[in-house]
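Accompanying notes for the structure given below.
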Amino acid sequence: MNHEVVAARVEHIAMATGIIAGLSAAAATIATPTGLTAFGVWLGLVDEPLIVTVAPILDKLATICGTISGMTYFYAVRKKRQMVKQSAPNSSGPSE
């Protein structure tokens, strides 16, 4: 598979997980228990909303995907430069 295609696909996945993580962080901020409900969560009488529990996991996933996306981007740039260097001597031909 072409290294540029792989880098583009990984970048799209990283962007999607970043968007999902951002939306989940916003939802977790809204759903965070306050007042007596927060006290009940602290005592263990009331469960925390699922989005509040899942948001940090999605944030870590987005960070990992972003890191992998950056690595594949720079890998694709490196491969592209290597291909240009390899094709440059061959395309010049003999000079007479």
Side-chain angles (χ1 to χ4, degrees):
M1 188 177 279
N2 188 356
H3 55 273
E4 292 179 7
V5 173
V6 171
R9 288 183 182 170
V10 171
E11 182 181 8
H12 292 150
I13 293 169
M15 283 191 252
T17 56
I19 291 169
I20 292 169
L23 292 175
S24 71
T29 302
I30 294 169
T32 301
T34 57
L36 290 176
T37 308
F39 187 64
V41 169
W42 182 70
L43 289 174
L45 302 173
V46 179
D47 287 334
E48 210 173 28
L50 182 62
I51 191 67
V52 175
T53 307
V54 172
I57 296 168
L58 292 175
D59 289 343
K60 288 179 179 113
L61 178 66
T63 302
I64 291 168
C65 288
T67 302
I68 293 170
S69 173
M71 289 170 40
T72 56
Y73 169 78
F74 286 118
Y75 176 75
V77 169
R78 182 173 172 250
K79 283 297 211 181
K80 190 174 184 180
R81 285 183 185 167
Q82 286 178 349
M83 291 175 69
V84 168
K85 284 181 182 179
Q86 288 175 355
S87 65
N90 295 339
S91 63
S92 64
S95 30
E96 293 182 31

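Quick caveat: nothing in here was measured; it's all calculated off a predicted structure.
Cluster annotation: Ile20 and Val54 are assigned to the same hydrophobic cluster (Ile/Leu/Val/Met/Phe/Trp/Tyr, side-chain heavy-atom contacts under 4.5 Å, transitive). Under the 4.5 Å side-chain heavy-atom criterion for grouping Ile, Leu, Val, Met, Phe, Trp and Tyr, Leu58 is connected to Leu50 within one hydrophobic cluster. Taking hydrophobic clusters as Ile, Leu, Val, Met, Phe, Trp and Tyr residues chained together by side-chain heavy-atom distances below 4.5 Å, Ile64 does not share a cluster with Met71. Taken together through direct or relayed side-chain contacts under 4.5 Å among Ile, Leu, Val, Met, Phe, Trp and Tyr, Val10 and Tyr75 form parts of separate hydrophobic clusters. Note on Leu45 and Phe39: same hydrophobic cluster, where clusters join Ile, Leu, Val, Met, Phe, Trp and Tyr whose side-chain heavy atoms are under 4.5 Å apart, directly or indirectly.
When all heavy atoms of Pro56 and Thr53 are compared, the pair lying nearest together is CD-O, 3.5 Å. Looking at every heavy atom in both residues, Ala38 comes nearest to Pro33 through CB-O, 3.5 Å. Annotation for Ser87 and Val84: closest pair OG-O, 3.2 Å, computed over non-hydrogen atoms. Minimum interatomic distance between Ala28 and Ala55 (heavy atoms only, all atoms of both residues): CB-CB, 3.8 Å.
Note that CD1 of Ile68 is 11.0 Å distant from OG1 of Thr63, once rounded to the nearest 0.5 Å. Between the NZ atom in Lys80 and the CG atom in Asn2 there is a gap of 10.0 Å [rounded to 0.5 Å]. To the nearest 0.5 Å, atom CD of residue Glu11 and atom CD of residue Glu4 are 12.0 Å apart.
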Can you check side chain to side chain contact (heavy atoms under 4.5 Å, CB included) on Ser69 and Ile13, steps first, answer last?
CA-CA 8 Å; Ser69 173; Ile13 293 169; over 6 Å; no

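Residue Met15 qualifies as enclosed at atom CE: its count of foreign heavy atoms under 6.0 Å is above 12.
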